[in-house]
Amino acid sequence: MRLLITGGAGFIGSHIVDAALARGWAVRVLDSLDPGLHPGPPAFDPHVELITGDVTDPAAVDTALEDIDIVSHQSAKVGLGVSFADAPDYIRNNDYATAVLLAAMERHSIPRLILASSMVVYGEGAYTDPGTGLPVRPGPRTEADLRAGIYDPRNPDTGAVLTPAMLNEDARLDPRNVYAASKLSQEHLAAAWARSTGGAAVALRYHNVYGPRMPRDTPYAGVASLFRSALARGEAPRVFEDGAQRRSFIHVRDVAEANIAAAESLSRGNAPGFRAYNVGADEVHTIGDVAAALSTFSAGPAPVVTGEYRLGDVRHITASSELIKSELGWAPAVGFDEGMREFATAPLRGQPG
């Protein structure tokens, strides 16, 4: 199999490179090697063909797609960003770049795509009413509740504090920031491409990915990276709200294996069209759990629960990954303690050692 990985020098992309090489596949990487993200040249296996270029450049994409069977599109601008002023950059790097890639895939008659999507397309997670047990879709939390330390969403009709539940792929999509909107737009573009060309697209909705080579502490980094970076500086991780926010923390090697499972399914000639899958852990853990585990495994200072909050943050979002298990045969293999123990001492991207 001949696989192109856009953003293959990045956090998740580089692990997909490793997993594909382990299968004996031919691997090509298209990556801009932005110096703001890559402080030095990537240390690729000599069997990897690296093309340095931007996915928004049709000429670079045309070169990268020569003789390719399947594309794993990982290149993206990630995270919540600093402010809405980041919006044009998100649209350029996520949506426009995806449109350029898909147009080129049609020119090269490449019918198979794996898209890196995200849990952020859902907005808040799934909830039930504690009295009725029925599903409820909450609106944004109020600042008055957050100031009072009431962090869980309420039933908009009754005011009852809701109980978190696992969400599946048919949950209503509700992107609540620019990054989330750009990821959902990527999914829509992939679905439109599949309908127009007869191609097959798999979107993998990653939940909270962590592990070796994660970027250091930046405004665009995930919470695990923020905690790990603080501990590397000898500082206590600072946990917002009460630390009880529930997430599906999934190890990056498991995410890479989800991409391999999707590629193998596509190579078998599965039905054309668009399919989305959650990629999350079997166990639910809280943000406080992550901070405590990293502090323990790095022998660092204990976390500080601050009670601080940010308007617009979601409270709980945990995934059911039963669909990808049943249809693609994927399942996470790295347990929480094992993964956090490794991550607590693994170098971050941009950090020496």
Side-chain angles (χ1 to χ4, degrees), residues 2-14 16-17 27-39 41-42 44 48-118 120-121 175 177-194 196-197 199 201-204 206 215 218-221 259 274 349-350:
R2 296 163 298 183
L3 177 67
L4 171 65
I5 305 169
T6 70
F11 169 43
I12 295 173
S14 66
I16 300 171
V17 168
V27 177
R28 181 180 295 156
V29 165
L30 174 62
D31 200 297
S32 68
L33 300 184
D34 182 339
L37 302 172
H38 302 277
F44 277 133
V48 175
E49 180 185 358
L50 172 63
I51 296 176
T52 303
D54 198 300
V55 186
T56 61
D57 178 2
V61 173
D62 277 330
T63 299
L65 288 175
E66 288 292 337
D67 300 318
I68 289 296
D69 298 314
I70 295 179
V71 176
S72 176
H73 183 31
Q74 305 297 311
S75 173
K77 184 180 179 71
V78 301
L80 295 181
V82 177
S83 73
F84 201 85
D86 285 328
D89 208 29
Y90 277 109
I91 301 308
R92 177 184 179 277
N93 284 284
N94 297 355
D95 302 337
Y96 177 67
T98 299
V100 170
L101 174 66
L102 293 173
M105 288 178 66
E106 181 179 31
R107 288 196 300 274
H108 288 259
S109 300
I110 299 171
R112 304 176 184 93
L113 171 74
I114 303 162
L115 173 67
S117 189
S118 171
V120 297
V121 299
N177 55 58
V178 173
Y179 171 58
S182 74
K183 297 309 287 184
L184 183 54
S185 178
Q186 284 184 291
E187 289 196 11
H188 288 162
L189 287 167
W193 166 84
S196 174
T197 66
V202 170
L204 300 178
Y206 303 154
T218 76
Y220 309 96
N259 277 265
F274 175 83
R349 185 149 46 98

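As a basis for the values below, the full set of heavy atoms in this structure was taken, side chains included, without hydrogen atoms, waters or symmetry mates. What you are looking at is a predicted structure, and each value in this text was computed from that prediction instead of being measured.
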Residues in side chain to side chain contact (heavy atoms under 4.5 Å, CB included) contact with S185, at least two apart in sequence or another chain: D95, L189
Side chain to side chain donor-acceptor pair (under 3.5 Å) with S32: which residues, sequence neighbours excluded? none
Between D54 and R92, is there a side-chain N and carboxylate O pair less than 4.0 Å apart? yes
Would you mind reporting whether V121 and P175 have side-chain heavy atoms less than 4.5 Å apart? no
Within this structure, what is the NE2-CD1 distance for the pair H73 and I114, rounded to the nearest 0.5 Å? 12.0 Å
Run the side chain to side chain donor-acceptor pair (under 3.5 Å) test against N259 and tell me which residues pass, sequence neighbours left out. S72, Q74, Y206
Side chain to side chain contact (heavy atoms under 4.5 Å, CB included) with V55: of L30, N94, N93, only one passes, and it is L30
Identify, with sequence neighbours excluded, every residue that meets side chain to side chain contact (heavy atoms under 4.5 Å, CB included) alongside T52. L33, L50
CZ on R2 to CG on D69, rounded to 0.5 Å: 4.0 Å
Can you name the closest pair of heavy atoms from P42 and A9 and give their distance? CB-CB, 4.2 Å
What's the spacing between L65 CG and H108 NE2 if we round to 0.5 Å? 5.0 Å
According to salt bridge (Lys or Arg N to Asp or Glu O under 4.0 Å), does anything in residues 106-115 pair up with another residue at least two apart or in another chain? List the pairs. D62-R107
A192 meets the side chain to side chain contact (heavy atoms under 4.5 Å, CB included) criterion, sequence neighbours left out, with R195
Supply the atom-to-atom distance T6 OG1 to L115 CG, rounded to the nearest 0.5 angstrom. 9.0 Å
Residues in side chain to side chain donor-acceptor pair (under 3.5 Å) contact with S117, at least two apart in sequence or another chain: E187
By salt bridge (Lys or Arg N to Asp or Glu O under 4.0 Å), which residues pair with D89, not counting sequence neighbours? K77
Sequence neighbours left out, what passes side chain to side chain donor-acceptor pair (under 3.5 Å) with E66? Give chain and number order. none
Distance, nearest 0.5 Å, that separates CG of L102 from CD of Q186: 9.0 Å
Distance check, rounded to the nearest 0.5 Å: L101 atom CG versus T56 atom OG1? 11.5 Å
Among all residues two or more places apart in sequence or in another chain, which pass the salt bridge (Lys or Arg N to Asp or Glu O under 4.0 Å) test with D57? none
